[in-house]
Amino acid sequence: MYALVDCNNFYASCERVFQPRLMGRPVVVLSNNDGCVIARSQEAKDLDIPMGAHYHTWEAAFRRNNVIVCSSNYPLYGDMSARVMTVLKEFSPHVEVYSIDESFLSLHHVPVADLLRYGQRMRQTVAKHVGMPVGAGIAATKTLAKVASKLSKQHNGVCVLHPQAKAEEVLATFPVSKVWGIGGRYARFLQGHEISTALDLCHAKDSWIQQHLSIVGLRTVMELRGTPCLSLEEVAPRKQVIAVSRTFRNAVKDYTALSEALATYTARAAEKLRAQQCGCTIIKVHVATNIYQDGLSQYGNSATVSFALPTDYTPRLVKAAVQGLKTIYRPGYAYKIAGVYFMGLVAEEEGSQLDLFNTPTPAPSRALMKCMDRINGEHGRGTLKLAAEGGTQPWRMRQKHLSQRYTTRWNEVLKVGV
DNA sequence: TCTGGGGTCCTAGGACCC
DNA sequence: TCTGGGGTCCTAGGACCC
């Protein structure tokens, strides 16, 4: 049996852990640049604030209803996530961290009769040790565990779907659009063919499913029928693409600012690259104006630069990014977004083809990167940076309602009784 | 005024090889 | 002059996830 454990309203709950005054009140967390709502507490959901609500159109309503507004605080959420996952690992030797707020656990070591109690104990332990409310869905396949997890809210936080018992009953009332792996497009298509519940989907013909939803969709259907097709992925595979892309607070016209931003994103992507012990052979930069704004002259373009040898050396990568930018920058446009992609990633231990005309990164440069990563890890991102990243960085994103990084910065630790 | 960011996988079709 | 069969690799586009 598999369990899916997911945190309730994760970002909003993280904010609450260190600000108890937010308990019982509507809380929303905003996207980068404080653009739109990306997480809501239950109270906020009860106010019918939709996911993706634009802050500026809702600002007045938020004020009227005493809604607490938070900018997203990823250092805090990332650390809280790690804490939850650490607790969960005490409950199973096999855990797949699926996303920042969800994990799949193998519960094959737990007797079927004990599953419900076991799930409750997981919930209580996470709540006690981390302060995070979680729910659990337990079933024979990952897809069914996902179904169970959606139902867990009506069952004191834990729902067990036993293989033989009443699975049909449950699936008959479960909308096909909420099935894991069925997105908006497929849901509309299926409804057009009179498939509106998970049970209808189970009864569809395999060949028809594969024809229209590909092999991936067929796997989903098999899993709904109780046949496991997706195994637990305990070690996260190395990423094939690393992307860092941001919209700017205010549009940027200036080449220097654009180049600083891209250098900063490249440095961040290079940190991620080194963290997964890879080198990069292709770097792509892109810039674009605001596509949402009518009446503005629009422009967007991207440029790709390749390396003869894979590299993870920030200065070399930044140089390539800037070189790419030079070929696509057009003066006179108001740029709203810029980003960098690293592709063609090669694992370090795989080694690389030697090249007659290029030398690999020399040892002192590698040591320098290691040193930078450590200092920035301990003292905060950007403590050490390249001059190319710029000083004041006026293009940085808007975060007007940012909470403290309670768990990762000594000078932002919660103070009690002062 | 203003609309997030970061990923994965599959398929079809074209170019090319022997 | 026309014909066959079996492949690989790459890219673009479309679907999905959180």
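Below, each value reflects all heavy atoms present in this structure, side chains not excepted, and no hydrogens, waters or symmetry copies. For clarity, every value in this text was computed on a predicted model and none was experimentally measured. Below, read A as the first sequence line, B as the second, and so on, with proteins coming before strands; counting in each chain starts at 1.
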Residue A:K319 excluded, over 12 heavy atoms near NZ under 6.0 Å = no

DNA chain B: 5'-proximal contact among A:K239 and A:S214 (nearest heavy atom) = A:K239

message = One pair to check against ring pair (Phe, Tyr, Trp, His ring centres under 6.0 Å): A:F248 and A:Y335. What are the steps and the verdict?
response = CA-CA 8 Å; A:F248 300 124; A:Y335 296 94; 8.5 Å; no

request  = Give A:I100 one of three labels, base, sugar-phosphate or nothing, depending on what nucleic acid heavy atoms sit under 4.0 Å from its own.
outcome  = nothing

ask   = Just by modelled atom types, is the A:K336 backbone N or O under 3.5 Å from a matching donor or acceptor in the A:T247 side chain?
value = no

request  = Report the C-alpha distance between A:E223 and A:R219 in whole Å, list the side-chain angles of each, state the deciding distance to 0.1 Å, and finish with yes or no for salt bridge (charged side-chain N to carboxylate O under 4.0 Å, His left out).
outcome  = CA-CA 6 Å; A:E223 286 241 323; A:R219 263 182 228 135; over 6 Å; no

ask   = Within the distance-only criterion (no hydrogens, no angle test), does the side chain of A:Q210 pair as donor or acceptor with the backbone N or O of A:S207 below 3.5 angstrom?
value = no

Heavy-atom donor-acceptor pair, A:T86 side chain to A:A82 backbone, under 3.5 Å = yes

request  = May I ask you to list the residues of residues 184-195 of chain A, by number, that have any heavy atom positioned under 4.0 Å from an atom of DNA chain C?
outcome  = A:G184, A:R185, A:Y186

ask   = Looking for any heavy atom pair under 4.0 Å, which part of the strands does A:D101 touch: base, sugar-phosphate only, or nothing?
value = sugar-phosphate

Residue whose nearest DNA chain B nucleotide is more 5′ - A:K272 or A:I215 = A:K272

Where chain A begins and ends its contact with DNA chain C, read 5' to 3' at 4.0 Å from heavy atoms = C:dA15 to C:dC18

ask   = How does DNA chain C read in dot-bracket, base by base from 5' to 3', with Watson-Crick or G-U pairs under 3.5 Å and | used when the partner is on another strand?
value = ....||||||||||||||

query = Counting any heavy atom closer than 4.0 Å, what does A:I242 reach on the DNA or RNA strands: base, sugar-phosphate only, or nothing?
reply = sugar-phosphate

query = Do any N or O atoms from the side chain of A:R40 and from the backbone of A:V28 form a donor-acceptor pair under 3.5 angstrom?
reply = no

ask   = Closest heavy-atom contact between A:A270 and A:F342?
value = N-CE1, 3.5 Å

message = Looking at A:K400 and A:E59, is there a salt bridge between them, counting it only when a charged N and a carboxylate O are closer than 4.0 Å?
response = no

query = Do side-chain atoms of A:N73 reach the backbone of A:Q404 as a donor and acceptor pair under 3.5 angstrom?
reply = yes

query = Quick one: CG on A:L213 to CG on A:L218, what's the gap to the nearest 0.5 Å?
reply = 9.0 Å

